Enquirer: 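First the structure, then my questions, so here it is.
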Amino acid sequence: MTDKKRESGEIIPGLEGVPIARSSISYIDGERGILEYRGFPIEELVEKSSFEENAFLLLKGRLPRKEELDEFDNQLRENRELKFRLIDILKSFPEQGHPMNVLQASVAILGMYYPIDDVEDEREVERAIIIMLAKIPTIIAAWNRIRNGFEPIPPKRELSHSANFLYMLLGKEPDEKMSHIMDASLICHADHTMNASTFTARVVTSTLAKPHAVIASAIGALSGPLHGGANEHVVKMLRSIGSVENVRPYIQNLIRSGSKIMGLGHRVYKVKDPRAKILQKLAELYFATHGSTPLFEVAKEVENYAVGMLKEKKIYPNVDFYSGIVYERMGIPTDLYTPIFVMARTVGWLAHWREQLEYNRIFRPTQIYEGEHGKKYIPIDLR
Ligand code: ACO
């Protein structure tokens, strides 16, 4: 914010362009479509890294040595199971409950089973991180089984983080391509500078609330359709468009009525989101061997037509545009797309939790009061 704006008391809607922290976790160049984690281009990480290694990188600030990665991975594998009491709690939730609500509640519940007393104790911090990263995928998969009337499928220790999640969710070990695509998608979604949910995580961290409260709050922020919730809405929109011929009238209608097209637009990117490019390529790779979906053709036409219509506003596909299409083809229920985003982004939120604590000051912005002053209280029978 410029000093001039500060002096004039002008508010900055959506805090656009207002820096709220110094960070070395991720970096975006919105004009050139660049995203880096700890200095590494996202494209290279997607191609060469794994969920586990990328999580280590974001959390610790550097790539792990072989034995460090093995240790981190082992810890995740050892902590995947859920206590039967937590499974009992999941069974008591209403089966129509949205998985994001279930996840938000369950992460808060993890805070009761695995409390952390001292956020400055490195061992406690590491434990809290492992517990959340390891158990969130199990909670998502278990909830999907429970709401359909089945017992959860226990995790398989020999599978990687992504492969195990797909196994617990779909009841079948995924092939290599499927786990690679899930891994790549989790890497793509792991962090993204100061977005709404990360800012939420930072605000809650700044009160010295415990990490489970930090993550539960961030999950709430991510659930909205303007943020992570968009991936679910993209697929719903594509289904309701139905066919390539319907794209133009449907999009014209949305634009004319001033509605947003889900999965398009971004506060920072003024070009196509590099993650959308990666996910689109991965979708093509997956469909080449596993068969495509008509939604993919509809999506490409939406992109083609809407980008042309909204050229002057520099509106392009964001990360949420192509992710759901791949999940749909894998047989994953639509309302689990945003929870999968949570699996990935918890890494980034936890990295920001740690970074915020390094030089913490409680967030306490200000407001411009526009109400009245000094009013006289009128007893209820005289109003
Ligand atoms: N469809 C149509 N028009 C759009 C879209 C869209 N998806 N996105 C932005 N615009 C237009 C706006 O109407 C506005 O036009 P105007 O200047 O004539 O009023 C202009 O572009 C600027 O848009 P804002 O809403 O002011 O941009 P902002 O930076 O505040 O919002 C956001 C960014 C929330 C991502 C927005 O583009 C949007 O709502 N997109 C759809 C939802 C979505 O896909 N969200 C996921 C984002 S990625 C993520 O969070 C993981």
Side-chain angles (χ1 to χ4, degrees), residues 11-18 20 25-26 28 30-31 33 35 37 42 100 185-202 217-238 240-241 247-280 298-299 301-327 334 336-349 352:
I11 63 157
I12 313 288
L15 294 182
E16 180 169 357
V18 179
I20 64 95
I25 301 169
S26 60
I28 305 175
E31 297 294 334
L35 169 61
Y37 293 164
I42 184 71
M100 284 296 277
S185 184
L186 294 182
I187 294 174
C188 274
H189 288 84
D191 195 52
H192 210 235
T193 77
M194 208 48 64
N195 53 81
S197 57
T198 302
F199 180 44
T200 303
R202 289 260 186 178
S217 311
I219 291 173
L222 190 77
S223 68
L226 294 188
H227 195 11
N231 58 12
E232 175 179 338
H233 291 273
V234 170
V235 168
K236 286 184 179 158
M237 173 186 79
L238 297 174
S240 95
I241 294 174
V247 167
R248 286 171 185 238
Y250 191 100
I251 296 299
Q252 279 165 5
N253 222 353
L254 280 183
I255 294 176
R256 221 175 284 132
S257 64
S259 306
K260 296 276 177 68
I261 304 159
M262 288 291 124
L264 299 188
H266 198 273
R267 174 67 59 80
V268 184
Y269 291 120
K270 300 303 160 208
V271 292
K272 188 164 173 177
D273 185 330
R275 302 165 302 172
K277 287 189 191 167
I278 294 171
L279 291 166
Q280 185 175 357
V298 176
E301 181 59 12
V302 169
E303 171 179 355
N304 177 35
Y305 187 61
V307 164
M309 292 272 289
L310 299 166
K311 208 178 213 135
E312 277 162 26
K313 295 185 186 175
K314 298 187 176 173
I315 304 293
Y316 295 92
N318 58 51
V319 68
D320 289 327
F321 196 68
Y322 285 107
S323 56
I325 300 173
V326 189
Y327 300 151
T334 318
L336 296 187
Y337 303 167
T338 320
I340 294 173
F341 197 153
V342 171
M343 268 171 66
R345 187 55 61 84
T346 301
V347 174
W349 293 330
H352 282 268

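Indexing begins at 1, ligand by ligand and atom by atom, following the structure's order. Because the structure is predicted, anything quoted here is derived from the model rather than measured.
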Enquirer: Can you tell which part of L264 has a heavy atom less than 4.0 Å from ligand 1: side chain, backbone, both or neither?
Expert: both
Enquirer: Of the non-hydrogen atoms in P317 and V307, which two are nearest, and what is the gap between them?
Expert: CD-CG2, 4.0 Å
Enquirer: Counting heavy atoms only, which part of K313 comes closer than 4.0 Å to ligand 1: side chain, backbone, both or neither?
Expert: side chain
Enquirer: Among all protein non-hydrogen atoms, which one is nearest to atom 45 (N) of ligand 1, and what is the separation to 0.1 Å?
Expert: L226 O, 2.9 Å
Enquirer: Answer with yes or no after comparing the ring centroid distance for H192 and Y269 against a 6.0 Å cut-off, counting only values under it.
Expert: yes
Enquirer: Strictly less than 4.0 Å: does any protein heavy-atom distance to atom 19 (O) of ligand 1 fall in that range?
Expert: no
Enquirer: Measure from the side-chain N and O atoms of Y37 to the backbone N and O of C188, and report whether any donor-acceptor pair falls under 3.5 Å.
Expert: yes
Enquirer: Under 4.0 Å from atom 39 (O) of ligand 1, do we find at least one protein heavy atom?
Expert: yes
Enquirer: Quiz question for you: does at least one protein heavy atom lie closer than 4.0 Å to atom 4 (C) of ligand 1?
Expert: yes
Enquirer: Just which atoms of ligand 1 are under 4.0 Å from any heavy atom in G265?
Expert: 35 (C), 37 (O)
Enquirer: Any protein heavy atom lying closer than 4.0 Å to atom 48 (S) of ligand 1?
Expert: yes
Enquirer: Looking at G263, which atoms of ligand 1 are within less than 4.0 Å of one of its heavy atoms?
Expert: 43 (C), 44 (O)
Enquirer: Around K236, counting heavy atoms of other residues, nucleotides and ligands shown, do more than 12 lie under 6.0 Å from its NZ?
Expert: yes
Enquirer: Tell me the protein heavy atom at minimum distance from atom 30 (O) of ligand 1, and give that distance in Å.
Expert: R267 NH2, 3.0 Å
Enquirer: Go through ligand 1 atom by atom and flag the ones less than 4.0 Å from a non-hydrogen atom of P225.
Expert: 42 (C), 45 (N)
Enquirer: Distance under 4.0 Å to a non-hydrogen atom of A230: what atoms of ligand 1 satisfy this?
Expert: 43 (C), 44 (O), 45 (N), 46 (C)
Enquirer: Determine whether a donor-acceptor pair (N or O, by modelled atom type, separation under 3.5 Å) exists between the side chain of S197 and the backbone of A221.
Expert: no
Enquirer: From the options K260, E16, E312, M309, select the one whose nearest heavy atom is closest to atom 36 (C) of ligand 1.
Expert: K260
Enquirer: Compute the shortest N/O to N/O distance between V319 and ligand 1 and return yes if it is under 3.5 Å, no if not.
Expert: no
Enquirer: Pairs of nitrogen or oxygen atoms closer than 3.5 Å, one from D320 and one from ligand 1: do any exist?
Expert: no
Enquirer: Minimum heavy-atom separation for I315 and G265, please, with both atom names.
Expert: CG2-N, 3.6 Å
Enquirer: Please check: side-chain N/O of K270 versus main-chain N/O of H266, any donor-acceptor pairing under 3.5 Å?
Expert: yes
Enquirer: Considering only non-hydrogen protein atoms, determine which one is nearest to atom 1 (N) of ligand 1 and report residue, atom name and distance to 0.1 Å.
Expert: I261 N, 2.9 Å
Enquirer: Under 4.0 Å and counting heavy atoms only, is there anything from the protein next to atom 27 (O) of ligand 1?
Expert: no
Enquirer: Taking atom types as modelled and ignoring hydrogens, do the side chains of S185 and Y327 form a donor-acceptor contact shorter than 3.5 angstrom?
Expert: yes
Enquirer: Do any heavy atoms of G14 fall under 4.0 Å from ligand 1?
Expert: no
Enquirer: Could you tell me if the side chain of L264 sits less than 4.5 Å from the side chain of I261, heavy atoms only?
Expert: yes
Enquirer: Report the relative orientation of the aromatic rings in F341 and H227; use parallel for angles under 30°, tilted for 30 to 60°, perpendicular for over 60°.
Expert: perpendicular
Enquirer: Which heavy-atom pair separates L238 from I325 by the least distance, and what is that distance?
Expert: CD1-CD1, 3.7 Å
Enquirer: For the backbone of M194 and the side chain of T198, can you confirm whether one donor and one acceptor N or O come within less than 3.5 Å of each other?
Expert: no
Enquirer: Out of T338, I315, L310, whose heavy atom sits nearest atom 2 (C) of ligand 1?
Expert: L310
Enquirer: Below 3.5 angstrom, do we get any N/O pair linking H227 and ligand 1?
Expert: yes
Enquirer: Going by a strict under-4.0 Å cutoff (protein heavy atoms only), does atom 8 (N) of ligand 1 have a neighbour on the protein?
Expert: yes
Enquirer: Is there a protein heavy atom at a distance of less than 4.0 Å from atom 32 (C) of ligand 1?
Expert: no
Enquirer: Is any side-chain heavy atom of H189 closer than 4.5 Å to a side-chain heavy atom of R275?
Expert: no
Enquirer: Give yes or no for whether the N/O distance cutoff of 3.5 Å, strictly under, is met between G228 and ligand 1.
Expert: no
Enquirer: Under 4.0 Å, counting heavy atoms only: does F341 come that close to any atom of ligand 1?
Expert: yes
Enquirer: Are side-chain heavy atoms of R345 and N195 found at a separation under 4.5 Å?
Expert: yes
